[in-house]
Amino acid sequence: MPDQNARHPDDDLTLPAPRAGGIAARAAAALRPASAPDYFQGLNPEQREAVETLDGPLLVLAGAGTGKTRVLTTRIAHILALGKARPFEILSVTFTNKAAREMRERVGKLLGEAAEGMQWLGTFHSIGTRILRRHAELAGLSSSFTILDTDDQIRLLKQVLSAENIDDKRWPARQLAFAIDGWKNRALAPKDVPAGEAQSFAAGRGAELYAIYQARLRQLNAVDFGDLLLEPIRLFREHPDVLEQYHRRFKYMLVDEYQDTNVAQYLWLRLLAKGSSNLACVGDDDQSIYGWRGAEVENILRFEKDFPGAKVVRLERNYRSTGHILNAASHLIAHNQGRLGKTLRPQTELGEKVTVAGAWDSGEEARQIGDEIESLQTKGHKLDEIAILVRASFQMREFEERFITLGLPYRVVGGPRFYERAEIRDALAYLRVVASPADGLAFERIYNTPKRGLGDAALKQIVDLSRAEEVPLLEAARRLLDGPDLKPKPRSTLKELVQSFDRWSALIDKIPHTALAEQVLEESGYTDMWTKDRSAEAQGRLENLKELVRSMEPFENLRGFLEHVSLVMDADRGPGEDAVTIMTLHAAKGLEYDTVFLPGWEEGLFPHQRSLDESGRAGLEEERRLAYVGVTRARRRAKVWFASNRRIHGMWQSSLPSRFLDELPEADVDVIEAPATFGGGSGGMGGSYGASRFDRAEPFKSTYDTPGWRRAQENRGPASPGPGARRSGPMTIEGELVASSTAKSAGFGKGARVFHQKFGNGTVVEVDGNKLTVAFDKAGHKRVVDSFVKAA
DNA sequence: GTATCCTCGATTTTT
DNA sequence: TCGAGGATAC
């Protein structure tokens with residue numbers, strides 16, 4: 001999506017552009033029929049209520065697959081059709097560019113060109129940028145400020161650390177970046193950082209370094225992502241007249257995925273909502289899975305308190321998935337305590353039960369899933385409608401390898417994205433310097449790429465001069481050429497580089513930006529560098545560079561393109577051939593597939609041990625929400641898998657089925673006994689020791705035959721706890737843990753000698769229900785399920 | 001400036 | 001176990 005900023009001339013806040021008003025008026029006329037407007041067609045009563053409740057704060061609790069986007073877009077159409085506001089008077093915020101793009105498209109379908117006038121539809125960050133550019137001087141910036149990405153941020157922090165004589169081995173820049181991000185997420189300026197936290201970096205210098213970093217940003221006329229939220233907040237607080245302008249401007253405000261907002265975003269919204277108070281937030285507390293990067297579920301849980309008189313509408317009719325899938329998901333998520341309470345109601349038949357199956361190890365898990373996909377394919381299912389959702393990306397590899405063997409087309413979502421590739425970042429760095437010669441970080445990135453013999457020594461001279469004279473790096477380089485300090489060789493190379501940049505910069509308004517980009521890449525020797533490179537990726541990198549130039553075409557100029565890139569960092573990739581999708585659960589939020597495979601439901605992996613260790617119960621609940629997100633991606637088939645052995649950090653570990661399996665309702669789940677392909681796999685393992693397939697089925701069965709499991713069945717109860725009912729968690733998590741670990745044991749006592757297929761012989765040192773701690777003679781202490789060992 | 005050795009860490013990720 | 005990234009040696 002080309003950024004709107006690039007296309008729309010800056011409008012004046014106080015004088016609405018008449019052109020846009022015309023569009024709105026036409027849209028309104030087109031949409032205003034005699035009776036109920038067409039766009040209400042097919043909305044259920046709750047959705048309609050959410051659309052029609054226009055005045056005052058509104059929270060729409062939209063469960064998975066309940067038509068959330070539809071409500072948002074129809075609401076916009078309704079506001080415009082009633083003439084309550086013009087397109088540019090609606091603030092509509094999303095989290096990702098993808099969501100913003102989709103929203104714009106769908107509004108476009110409803111309204112046609114009126115969607116074009118929606119200048120304030122975008123991500124928190126893009127809207128923040130827009131606001132900040134308008135009032136840059138009030139924030140000590142010029143309106144052409146650059147936006148640093150994570151890489152630039154780290155580079156700058158490294159500079160700060162070295163200038164402050166802090167050993168960056170002991171106190172890595174990454175760690176400081178992480179801390180600063182955390183503070184910014186919570187809208188803390190350097191002076192607001194709690195003393196205790198500042199203490200945690202570089203012997204108490206955390207807040208001080210943060211302050212120095214901020215000062216450096218200002219010097220560079222740059223902001224980081226956090227500033228795009230923080231600076232507008234500061235602006236609004238310190239300049240009530242500015243805030244007032246936006247209050248007048250935004251008649252209606254809509255926020256998507258409200259459960260993902262962090263403190264800064266929340267404050268930002270609160271300030272703006274002091275105007276009209278027509279703030280509609282849509283979200284689902286049960287799908288809050290980004291706590292680890294600053295999202296505060298509390299924001300959504302507290303909505304009614306924060307915005308007095310708020311109306312809450314629950315969307316619970318799910319049009320996506322069949323009954324068993326929804327029942328399973330609802331029952332699972334009901335184990336969480338901190339939630340607003342909401343149960344998905346199926347609108348169609350029960351369909352297929354959710355299946356749960358176990359595999360001996362992760363390799364077998366991948367083989368079985370691969371086989372199942374092939375069989376679905378023979379039955380005529382499209383691969384595009386099949387997804388494998390994993391907890392952690394290392395799980396993907398096994399599937400990829402298997403699918404390559406099978407010749408099964410797949411696509412991996414995630415991974416290094418287009419704009420993060422080294423060659424793209426290098427090319428962009430060149431263009432950034434051309435567009436804004438003061439961009440020191442970009443200059444630093446490419447001043448010796450391709451290698452031109454400018455080493456650290458020359459760089460240090462430039463940096464020192466830049467500091468001493470308080471000028472940008474490029475300017476410092478220029479001055480250095482006039483002085484006596486440079487050796488002849490670097491002098492001539494540097495001179496050529498500086499002159500090249502002067503030449504390119506002069507061309508900015510003279511030739512098309514795509515042609516300029518090509519010229520820069522050519523003359524700088526950058527393309528050459530890859531042409532000469534004999535490595536395997538070089539060809540692909542050259543392709544990427546061409547793709548980059550192509551992607552610049554829709555933009556008016558270089559500046560517009562760079563703005564887009566700094567915020568978007570994401571390139572559309574075409575649909576391509578029919579293929580299975582492999583991605584993380586996090587990446588799957590908002591998507592849906594007919595068939596969803598959910599491998600790796602094992603304790604330690606899912607829920608992830610680290611999440612439990614770091615965040616305790618809150619961590620567990622977020623993991624459970626992730627499981628809920630996973631299951632609710634499925635329209636017709638959800639297939640959960642676990643493996644009893646998995647290689648973690650290169651070492652085989654035996655694993656126990658996830659507690660989340662215990663939390664699925666038996667009535668909606670089929671436990672699959674693995675087909676008899678045991679031992680028929682790759683590698684030398686398996687098969688030879690004559691184990692029966694029940695070796696695998698058994699631990700699973702025993703897990704199910706627990707008091708916790710039975711209690712879970714009894715607690716299934718009616719599907720809906722009723723609006724507003726806060727389910728206090730029908731069963732305690734601790735209870736279930738104890739329950740599943742007090743399952744009947746296969747009868748090994750302390751001191752018994754046992755044999756395990758992977759770990760060999762050992763002695764039982766502890767018995768905890770059906771889980772044994774065994775001191776293996778060779779493999780050390782391990783926890784295993786009793787049915788995996790035999791009496792030795 | 002580049003090759004090789006070694007050490008460390010190993011969920012999730014957007015802007 | 002394996003890979004990236006930094007440090008060291010040439």
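Any value given below was found using the heavy atoms of this structure, including those in side chains, with hydrogens, waters and symmetry copies removed. Just so it is clear: chains get the letters A, B, ... in the order the sequence lines come, proteins before strands, and each one is counted from 1.
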What are the atom names and distances for every N/O pair under 3.5 Å that joins the protein to nucleotides 12-14 of chain B?
| residue | atom | partner | partner atom | Å |
| --- | --- | --- | --- | --- |
| B:dT12 | OP1 | A:Ser393 | N | 2.6 |
| B:dT12 | OP1 | A:Ser393 | OG | 2.3 |
| B:dT12 | O4' | A:Arg391 | NH1 | 3.3 |
| B:dT12 | O2 | A:Trp292 | NE1 | 3.2 |
| B:dT12 | O2 | A:Arg391 | NH2 | 3.3 |
| B:dT12 | O2 | A:His586 | NE2 | 3.4 |
| B:dT13 | OP1 | A:Thr584 | OG1 | 2.6 |
| B:dT13 | O4' | A:Arg293 | NH1 | 3.3 |
| B:dT14 | O4' | A:Arg293 | NH1 | 3.3 |

| field | Test ring-ring contact (aromatic ring centres under 6.0 Å, His included) applied to A:Phe660 and A:His335, step by step | value | CA-CA 9 Å; A:Phe660 297 151; A:His335 288 70; 8.8 Å; no

Hydrogens and angles aside, do [X] and [Y] bring a side-chain donor and acceptor to less than 3.5 Å of each other?
X        : Y        : result
A:Gln609 : A:Glu603 : no
A:Ser126 : A:Thr123 : yes
A:Asn645 : A:Ser654 : no
A:Tyr213 : A:Asp224 : yes

| message | For A:Trp183 and A:Tyr210, take the angle between the two ring planes, folded into 0 to 90°, and tell me which bin it lands in: parallel under 30, tilted 30 to 60, perpendicular over 60. | response | parallel

Report the distance from atom [atom1] of [X] to atom [atom2] of [N], rounded to the nearest whole Å.
X        : N      : atom1 : atom2 : value
A:Phe178 : B:dT15 : CZ    : P     : 19 Å
A:Lys451 : B:dG1  : NZ    : P     : 8 Å
A:Arg646 : B:dA10 : CZ    : P     : 19 Å
A:Arg174 : B:dC8  : CZ    : P     : 17 Å
A:Trp268 : B:dT15 : CH2   : P     : 15 Å
A:Asp613 : B:dA10 : CG    : P     : 13 Å
A:Gln395 : B:dA10 : CD    : P     : 17 Å
A:Leu605 : B:dA10 : CG    : P     : 16 Å

Residues in salt bridge (charged side-chain N to carboxylate O under 4.0 Å, His left out) contact with [X], at least two apart in sequence or another chain:
X        : value
A:Glu400 : none
A:Lys451 : none
A:Arg270 : A:Asp306

| message | Using a 4.0 Å heavy-atom cut-off, does A:Gly453 contact any base of the nucleic acid, only the sugar-phosphate backbone, or nothing at all? | response | sugar-phosphate

| query | Contact class for A:Lys489 (heavy atom, under 4.0 Å): base, sugar-phosphate, or nothing? | reply | nothing

| task | Establish, yes or no, whether the cationic atom of A:Arg130 lies under 6.0 Å from the six-membered ring centre of A:Trp120 and within 45° of the ring axis. | result | yes

Under 3.5 Å, N/O pairs linking protein and nucleotides 3-7 of chain B:
none

| So, are A:Asp286 and A:Arg624 salt-bridged, with charged N and O less than 4.0 Å apart? | no

| said: What's the gap between B:dT12 and C:dG3 when it is taken at their P atoms, as a whole Å value? | reply: 16 Å

| If the C1' atom of B:dT13 is compared with that of C:dC2, how far apart are they to the nearest Å? | 23 Å

Mind listing the N/O atom pairs, protein and nucleotides 1-4 of chain C, below 3.5 Å?
| residue | atom | partner | partner atom | Å |
| --- | --- | --- | --- | --- |
| C:dT1 | O4' | A:Gly650 | O | 3.4 |
| C:dT1 | N3 | A:His649 | O | 3.3 |

| request: Identify the residue among A:Glu398, A:Glu602, A:Gln653 that makes a side chain to side chain donor-acceptor pair (under 3.5 Å) with A:Arg646. | output: A:Glu602

